[in-house]
There are 2 protein chains.
Amino acid sequence: MSAVVAARRGIPDASVARLPGYLQALTNLAERGISSVSSEELASAAGVSSAKLRKDLSHLGSYGVRGVGYEVDRLAYEISTALGLTQDWPVAIVGMGNLGRALAAYSGFATRGFNVIALLDHDDALVGTPVGERSIRPMGDVEALVRTDGLAIGVIATPADSAQDVADRLVKAGVRSILNFAPCVLDVPDDVMVRKVDMSTELQILAFHEQRRTGELDLVTKTEVEEVAL
Amino acid sequence: MSAVVAARRGIPDASVARLPGYLQALTNLAERGISSVSSEELASAAGVSSAKLRKDLSHLGSYGVRGVGYEVDRLAYEISTALGLTQDWPVAIVGMGNLGRALAAYSGFATRGFNVIALLDHDDALVGTPVGERSIRPMGDVEALVRTDGLAIGVIATPADSAQDVADRLVKAGVRSILNFAPCVLDVPDDVMVRKVDMSTELQILAFHEQRRTGELDLVTKTEVEEVAL
DNA sequence: CCTTGTGAAGCGATTCACAGCC
DNA sequence: GGCTGTGAATCGCTTCACAAGG
């Protein structure tokens with residue numbers, strides 16, 4: 001019972017962010033016909049420590065068996081439920097440039113609880129252009145998508161300079177969650193959730209570590225000299 | 001002087017991850033002709049708190065002026081230096097499906113310190129196919145790219161089931177940093193750095209919050225009832 | 001005066017280590 | 001015997017609040 005309370009009361013953000021990884025690892029195990037897994041094994045498959053995994057799972061409830069481990073199917077179901085993936089979420093992708101088209105073609109959405117219900121573009125010249133099995137629709141359709149299809153999540157794949165306009169439009173229509181691929185900060189009301197994916201940022205973080213690695217010897221020496229000088 | 005020591009000794013990971021955002025905000029300001037900025041203004045442009053921004057910048061050194069703020073160009077230069085972006089990093093993209101092609105066409109890399117020197121694919125049938133101004137090269141070229149072009153960063157844009165093979169190949173050739181777009185965990189030696197970008201994960205995190213929002217009223221009630229029952 | 005730079009306090013996440021349980 | 005679930009200890013990041021300084 002207290003597990004249910006814990007389950008509903010704030011799962012820490014850091015845990016939530018790892019749940020999709022556990023789910024993916026469990027799906028892989030299930031496909032390989034494995035029906036039971038220990039925290040050690042699952043943690044290693046998901047690339048985290050077993051203590052972290054157990055702590056994360058403890059926020060969902062108590063679904064393991066001491067001395068044995070976790071039942072793969074059961075745990076996958078519980079994580080899916082916690083993440084709200086028992087339903088399929090309708091998603092619209094806005095911006096049909098290279099990235100938008102790549103996202104539209106990505107098959108991973110469907111298998112992970114999402115349904116791309118519309119491809120939109122701000123540019124009326126593109127409206128009607130076929131992309132895969134769908135065709136591009138105008139931004140004006142977004143209100144109807146929210147109202148009749150329950151659209152709640154929008155993916156912005158436009159250039160940075162139109163991303164804020166698109167976000168404003170989505171928010172005005174009632175979209176509550178946005179995944180932003182444009183390299184810019186979006187200004188939205190507090191009750192709208194935005195997550196950002198930026199490949200340049202990721203590369204720059206890699207560059208930082210790469211640079212530190214190659215410069216390491218020089219810098220250690222230099223630092224030590226300066227420390228002595230203090 | 002102590003600032004220089006601080007600058008070279010570990011900048012916290014959380015700070016490093018935000019530096020690209022500051023750099024981008026500074027670039028925007030510079031383009032708009034703004035030459036000086038306060039921590040409050042820059043923080044708001046980058047979507048963080050001013051205290052956090054100042055603390056982050058303090059790890060680089062002391063480049064502001066009390067009572068005034070920061071000089072935009074100077075600060076941008078210092079952050080670029082800290083991130084190791086004074087040089088252009090050669091990057092290879094592996095996997096020329098939809099996503100790989102979209103990444104190959106993305107102009108944001110060049111403007112942010114990266115140079116896509118090669119497009120590779122594991123599938124020999126694709127080798128030679130033109131993509132933009134380049135043409136697809138075989139995986140066998142990777143050793144030469146590392147040796148002669150100083151390739152250090154690889155981007156994996158393959159399906160999940162070939163990502164590990166590609167990673168092994170890159171690592172064997174001497175690539176030290178990998179940006180992984182495939183939805184899987186890569187197993188690499190400790191000295192190879194991997195960062196992962198996964199749109200499904202991001203959507204699932206949004207779904208979690210979206211679901212919590214819609215179920216909120218019911219659940220608060222339910223939780224309170226259960227709490228009383230304890 | 002105004003804004004930076006920073007010790008100190010506060011907070012959340014990770015890790016430890018073991019009691020609880022099958 | 002072995003593995004889970006979890007308090008307690010620890011670590012690191014964020015926030016506060018103010019002294020330092022142009």
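On a predicted model such as this, the values are computed, not experimentally measured, just so you know. Below, chains carry the letters A, B, ... as their sequence lines are ordered, and counting in each starts from 1.
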(message) Quick one, Phe109(A) with Val91(A), criterion side chain to side chain contact (heavy atoms under 4.5 Å, CB included). Give me CA distance, side-chain angles, the key distance, then yes/no.
(response) CA-CA 9 Å; Phe109(A) 292 133; Val91(A) 169; over 6 Å; no
(message) Surrounding OH of Tyr106(A) (heavy atoms of other residues, nucleotides or ligands, distance under 6.0 Å), is the total greater than 12?
(response) yes
(request) With a 4.0 Å heavy-atom cut-off, tell me which residues in residues 20-46 of chain B come close to DNA chain C, sorted by residue number. (result) Ser38(B), Ser39(B)
(message) I'd like to know if the side chain of Arg213(B) and the backbone of Asp191(A) have a donor-acceptor N/O pair within less than 3.5 Å.
(response) yes
(request) Report which part of the nucleic acid Ser50(A) touches: base, sugar-phosphate, or nothing (heavy-atom distance under 4.0 Å, all strands). (result) nothing
(request) With a 4.0 Å heavy-atom cut-off, tell me which residues in residues 184-194 of chain B come close to DNA chain C, sorted by residue number. (result) none
(message) Rounding to an integer number of Å, can you tell me how far Leu75(A) CG sits from dG5(D) C1'?
(response) 14 Å
(message) Heavy atoms from C-beta onward define the side chain here; which of dT14(C), dA13(C), dT14(D) lies closest to that of Arg18(A)?
(response) dT14(C)
(message) The criterion is ring-ring contact (aromatic ring centres under 6.0 Å, His included); which residues satisfy it with Phe208(A), sequence neighbours excluded?
(response) none
(message) Within the supplied structure, the quantity of interest is the number of heavy atoms (other residues, nucleotides, ligands) at a distance under 6.0 Å from His209(A) NE2; does it exceed 12?
(response) yes
(request) Report the distance from atom NZ of Lys55(A) to atom C1' of dT10(D), rounded to the nearest whole Å. (result) 12 Å
Expected list for residues 82-89 of chain A: side-chain donor-acceptor pairs under 3.5 angstrom, two or more places apart:
{"residue": "Trp89(A)", "atom": "NE1", "partner": "Gly84(A)", "partner atom": "O", "Å": "2.7"}

(request) Looking only at side-chain atoms of Asp13(A), point me to the closest of dT4(D), dG5(C), dA13(C). (result) dA13(C)
(message) If I take atom NE2 in residue His59(A) and atom C1' in nucleotide dG12(C), what distance separates them, rounded to the nearest angstrom?
(response) 10 Å
(request) Could you walk me through whether Leu75(A) and Tyr22(A) pass side chain to side chain contact (heavy atoms under 4.5 Å, CB included), step by step? (result) CA-CA 9 Å; Leu75(A) 189 54; Tyr22(A) 303 153; over 6 Å; no
Can you name the atoms? Protein N/O to nucleotides 17-22 of chain D N/O, anything below 3.5 Å, with the distance.
{"residue": "dA20(D)", "atom": "N3", "partner": "Arg66(B)", "partner atom": "NH1", "Å": "2.8"}

(request) Would you kindly give the CD1-to-C1' distance between Ile11(B) and dG5(C), to the nearest whole Å? (result) 16 Å
Residues 164-175 of chain A side chain polar contacts: donor-acceptor under 3.5 Å, at least two apart:
{"residue": "Gln164(A)", "atom": "OE1", "partner": "Asp187(A)", "partner atom": "N", "Å": "2.9"}
{"residue": "Gln164(A)", "atom": "NE2", "partner": "Asp168(A)", "partner atom": "OD1", "Å": "2.8"}
{"residue": "Gln164(A)", "atom": "NE2", "partner": "Asp187(A)", "partner atom": "O", "Å": "3.0"}

(message) How many whole angstroms separate atom CG of Leu53(A) from atom C1' of dC3(D)?
(response) 12 Å
(request) Could you walk me through whether Val155(A) and Met199(B) pass the side chain to side chain contact (heavy atoms under 4.5 Å, CB included) test, one step at a time? (result) CA-CA 10 Å; Val155(A) 176; Met199(B) 15 230 160; over 6 Å; no
(request) Round to a whole Å and report the spacing from NZ of Lys52(A) to C1' of dG5(D). (result) 18 Å
(request) Could you work out which one of dG5(C), dA13(C), dT14(D) sits closest to the side chain of Pro12(A)? (result) dA13(C)
(request) Under 4.0 Å between any heavy atoms, over every strand shown, what does Ser15(A) touch: base, sugar-phosphate, or nothing? Just pick one. (result) nothing
(request) To the nearest 0.5 angstrom, please state how far the CG atom of Leu53(A) sits from the OG atom of Ser38(A). (result) 9.0 Å
(request) Map Gly69(B) and Ser49(A) onto DNA chain C by nearest heavy atom, then report which one ends up closer to the 5' terminus. (result) Gly69(B)
(request) Rounded to the nearest angstrom, tell me the gap between atom CG in Asp56(A) and atom C1' in dG5(D). (result) 13 Å
(request) Verify the contact: side-chain N or O of Tyr70(A) to OP1 or OP2 of dG5(D), cut-off strictly under 4.0 Å; return yes or no. (result) yes
(message) With a 3.5 Å distance limit and no angle check, can you tell me whether Glu202(A) reaches the backbone of Val197(B) through a side-chain donor-acceptor pair?
(response) no
(request) Whole angstrom is fine here: how far is it from CG in Leu60(B) over to C1' in dG5(C)? (result) 13 Å
(request) Examine distances only and state if a side-chain atom of Ser44(B) and a backbone atom of Glu40(B) form a donor-acceptor pair shorter than 3.5 Å. (result) no
